[in-house]
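Okay, so here's the structure we're looking at.
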Amino acid sequence: MPLPREIDDDEAFDQLYELLRAIAAGQGTDRSEAVRYSACRAILLASSRRDVLPGFVLQCLSVARFRDFITLYDPNPEVRERFIRGAFKLTRERLDVLSAFDAPAQARSVSGGWSL
């Protein structure tokens with residue numbers, strides 16, 4: 001899937017997740033996927049999501065480095081894919097918690113202060 005010129009954090013997160021799952025499952029990559037990996041990763045690293053991303057997203061600067069990492073993690077593609085699903089599930093849960101805490105702050109800024 002080609003990367004649109006501009007995508008938001010949500011789309012970058014979803015595209016990166018799908019790409020990493022496919023690589024973990026043993027799918028090969030080409031140049032367009034390497035470009036998509038780099039672009040999605042850059043968007044996420046520049047976003048407020050950076051602090052809750054799985055550590056391997058921060059450490060694997062390229063799709064080749066991610067492939068090396070995940071291959072060393074476990075030789076079984078099913079185990080690798082399960083690892084990616086778990087890591088991104090945890091990240092989504094953390095993002096949900098953060099957005100729940102942000103909602104009252106946004107309401108206060110819109111209303112001009114606390115309301116009872």
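Along the sequence shown, residues carry numbers from 1. All values below were derived from every heavy atom in this structure, side-chain atoms included, with hydrogens, water molecules and symmetry-related copies excluded. Note that the structure is a prediction, hence the values are computed from the model and not measured.
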**OP:** Report the C-alpha separation of Ile7 and Cys40 in whole Å, then their side-chain angles, then the decisive distance to 0.1 Å, and conclude whether the side-chain contact (heavy atoms from CB on, under 4.5 Å) test is met.
**Re:** CA-CA 9 Å; Ile7 61 173; Cys40 290; 4.2 Å; yes
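Leu44 and Asp9 make their closest contact through CD2-O, 3.6 Å (heavy atoms, listed as atom of the first residue, atom of the second, distance).
By the ring-ring contact (aromatic ring centres under 6.0 Å, His included) test, Tyr37 pairs with no residue at all, sequence neighbours left out. Asp10 is linked by a side-chain contact (heavy atoms from CB on, under 4.5 Å) to Asp8, Arg49, counting only residues two or more places apart in sequence or in another chain. Partners of Tyr73 under the ring-ring contact (aromatic ring centres under 6.0 Å, His included) rule, at least two apart in sequence or in another chain, are Phe83.
Note that the CG atom of Leu16 and the CZ atom of Arg41 stand 9.0 Å from one another [nearest 0.5 Å]. Distance CG/Leu72 to CZ/Arg80: 10.0 Å, rounded to 0.5 Å.
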Would you list the atom pairs, donor with acceptor, under 3.5 Å between side chains in residues 17-31 and any protein atom, with sequence neighbours excluded?
unit_1 : atom_1 : unit_2 : atom_2 : d
Glu18  : OE1    : Arg21  : NH1    : 3.1
Arg21  : NE     : Glu81  : OE2    : 3.0
Arg21  : NH2    : Glu81  : OE2    : 3.2
Gln27  : NE2    : Glu33  : OE2    : 3.4
Thr29  : OG1    : Arg67  : NH2    : 3.2
Asp30  : OD1    : Ser32  : N      : 3.1
Asp30  : OD1    : Ser32  : OG     : 2.7
Asp30  : OD1    : Glu33  : N      : 3.1

Atom pairs and distances, side-chain donor-acceptor, residues 85-95, under 3.5 Å, sequence neighbours left out:
unit_1 : atom_1 : unit_2 : atom_2 : d
Thr91  : OG1    : Val52  : O      : 3.3
Thr91  : OG1    : Ala87  : O      : 2.9

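With contacts defined as side-chain heavy-atom distances shorter than 4.5 Å, the pair Leu61/Ser38 does not qualify.
Annotation: salt bridge (charged side-chain N to carboxylate O under 4.0 Å, His left out) contacts involving residues 50-61, sequence neighbours excluded, are absent.
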